[in-house]
Amino acid sequence: MSPSNTSAVDVNPADAHNLRLLANTHPAEWHNPAPRNPYNLVVIGAGTAGLVSAAGAAGLGARVALIEKHLMGGDCLNYGCVPSKGLIRGATAWADVRDAGHYGIHIAGDLGVDFAAVMERMRRLRADISHNDSVQRFTALGVDVFLGTGRFTGPQCIAVGGQTLRFAKAVIATGGRAAAPAVPGLEAAGYLTNETVFSVTARPPRLGVIGGGPIGCELAQTFQRLGSQVTLLHRGAHVLNKEDVDAAQMVQQAMRHDGVQLALEAQLRTVTRRGEAKVLQYTDMAGQSCELVVDEILVAVGRAPNIEGLGLEAAGVTFDPRTGVQVDDRLRTTNRRIFAAGDICSRYQFTHAADFLARTVLANALFMGRQKASALTIPWCTYTDPQIAHVGLTEHQAAAAGIAIDTFTQPMAEVDRAILDGETAGFAKVHVKKGTGTILGATVVARHAGDMIGVYTMAMTHRLSLGALAKLIQPYPTQAEALRKTGDLYNRTRLTPRVKKLLTAWLSWQRHR
Ligand SMILES: Cc1cc2nc3c(=O)[nH]c(=O)nc-3n(C[C@H](O)[C@H](O)[C@H](O)COP(=O)(O)OP(=O)(O)OC[C@H]3O[C@@H](n4cnc5c(N)ncnc54)[C@H](O)[C@@H]3O)c2cc1C
């Protein structure tokens, strides 16, 4: 083993949970191993894409090195899915208590949110989960783990912590980070991003969220429910502009119901300090100049790829500072020995997408496979309440591509279980190729839409017609019955006047024979 050349990393607050997280994801006492050159595979970045690449390759018997400059687990474990969903659970618990009167439950006494306790629960659970992504676990899997910044020094070698790793194949899995909008005064005023917001221990009384995409909306609703007064500034006419418009409107309504102030079509002009407060100057949809005074700002305006300092030029890898590393459909970069997976190269910036892109890379890099990223059917979910889950094309995308569609929509208000649960705000909407049952896309809005979209994903992956979903028996009463009902809706349209006439004649003959 070489002397430890890993730089110290902090995660705030330095409590027992975060120390446990660090001990798993970036142990201070770690010594990088001596390189066992050459490697079958060297992976830069130990987020989901990197971890899946490294574990998969090691499991197949390859000699693998994995390089991570910060925390194993990347965004998902440390600054993304895991902490956000931990907080969302606390916020949902509060919303259920707040709304308990609708169910005839009257809760008296001193009710409230213990913000610090909600944050602590999240840190504890994150630390619990972190073992899965730990240096220890990956070492035990047979992966050589190097903590430090990886940088290509040539087409077949990477430098890390003063050592050189040589490879037959490499994977770039360096992910992304929060993009910062170029707004005068913002930098000087200071702001939170997904990398710092989960370290907060005291509730910001007034929070300004910039950006109404999935991260902005999830965290705006969560912080509002946890007791902050949240104002969300968004450039578009409605939040979640990539989603089905009706779905986005429903989430918007729910956020307003929670008390989130929405400033839509807002253009942020400047940010200044006023004592401890931060003042956002923006123009609203009418072009009026407005002022918003907050205690903290959370920036969630999109992601920037981590390409800096990677030495991509030395490796002959082409990249774009906005969209990341350029890959072909088999995820190969412009250097045929180097592949990429995850947020660094994909517009599907989700953990499950990073996972399956990494599997595609493994097949193509190690076994000369010819798997295509475009063959994957990738759903996603925004975990607001209600959730929006989606797979395939939206109505808007189909129109833009000139594809004629038929749409079938089942409102949750007509699904018994949703009525009983008091969760009728939502729907299951499916687009099929016009005149056929071929599913092109689907959106589900429901409290647990993320758990429901898999049925449509399965149908699309295996080319099942929407009519086939009518045969999918769901237990009664479940909200998932909405999915079967979209199959029924479709089948009803197959009852053409001619078929109906024949049926009527047949039934009449049966009555009289
Ligand atoms: C707030 C938030 C909530 C989210 N919620 C969800 C969700 O609910 N569901 C979902 O599917 N997705 C969610 N995502 C998205 C998800 O986190 C990402 O899509 C996923 O983490 C991408 O994985 P990755 O491996 O491509 O990159 P990352 O997780 O970003 O990992 C890249 C790693 O590479 C390391 N690295 C970078 N450069 C170097 C270098 N030169 N040398 C060594 N190491 C380097 C970084 O330190 C990092 O650890 C969320 C994201 C955010 C920000």
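One-based numbering, in listed order, for ligands and for the atoms of each.
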Colleague: Return a table of N or O atom pairs, ligand 1 on one side and protein on the other, at distances under 3.5 Å, rounded to 0.1 Å.
Modeller:
from: ligand 1; atom 1: 5 (N); to: K85; atom 2: NZ; distance (Å): 3.2
from: ligand 1; atom 1: 8 (O); to: K85; atom 2: NZ; distance (Å): 2.7
from: ligand 1; atom 1: 11 (O); to: T351; atom 2: N; distance (Å): 2.8
from: ligand 1; atom 1: 11 (O); to: H352; atom 2: ND1; distance (Å): 3.3
from: ligand 1; atom 1: 12 (N); to: T351; atom 2: N; distance (Å): 3.3
from: ligand 1; atom 1: 19 (O); to: D343; atom 2: OD1; distance (Å): 2.9
from: ligand 1; atom 1: 19 (O); to: D343; atom 2: OD2; distance (Å): 3.2
from: ligand 1; atom 1: 19 (O); to: Q349; atom 2: O; distance (Å): 3.3
from: ligand 1; atom 1: 19 (O); to: F350; atom 2: N; distance (Å): 3.1
from: ligand 1; atom 1: 21 (O); to: C76; atom 2: N; distance (Å): 3.4
from: ligand 1; atom 1: 25 (O); to: T48; atom 2: N; distance (Å): 3.1
from: ligand 1; atom 1: 25 (O); to: A49; atom 2: N; distance (Å): 2.9
from: ligand 1; atom 1: 26 (O); to: D343; atom 2: N; distance (Å): 2.8
from: ligand 1; atom 1: 29 (O); to: D75; atom 2: N; distance (Å): 2.9
from: ligand 1; atom 1: 41 (N); to: G150; atom 2: O; distance (Å): 3.1
from: ligand 1; atom 1: 42 (N); to: G150; atom 2: N; distance (Å): 2.9
from: ligand 1; atom 1: 44 (N); to: K69; atom 2: N; distance (Å): 3.1
from: ligand 1; atom 1: 47 (O); to: E68; atom 2: OE2; distance (Å): 2.7
from: ligand 1; atom 1: 49 (O); to: E68; atom 2: OE1; distance (Å): 2.7
from: ligand 1; atom 1: 49 (O); to: E68; atom 2: OE2; distance (Å): 3.1

Colleague: Does R177 pair with D75 as a salt bridge, N-O distance under 4.0 Å?
Modeller: no
Colleague: Could you tell me whether D96 and R447 make a salt bridge, using a distance below 4.0 angstrom between a side-chain N and a carboxylate O?
Modeller: yes
Colleague: Enumerate the ring pair (Phe, Tyr, Trp, His ring centres under 6.0 Å) contacts for residues 314-340, please, sequence neighbours excluded, ordered by first and then second residue.
Modeller: none
Colleague: Just to verify, what does D10 make a side-chain contact (heavy atoms from CB on, under 4.5 Å) with, not counting sequence neighbours?
Modeller: none
Colleague: Hey, mind stepping through V445 and M412 against side chain to side chain contact (heavy atoms under 4.5 Å, CB included) and telling me if it holds?
Modeller: CA-CA 8 Å; V445 182; M412 296 308 282; over 6 Å; no
Colleague: So, using salt bridge (Lys or Arg N to Asp or Glu O under 4.0 Å) as the criterion, who are the partners of D246 when residues are at least two apart?
Modeller: K429
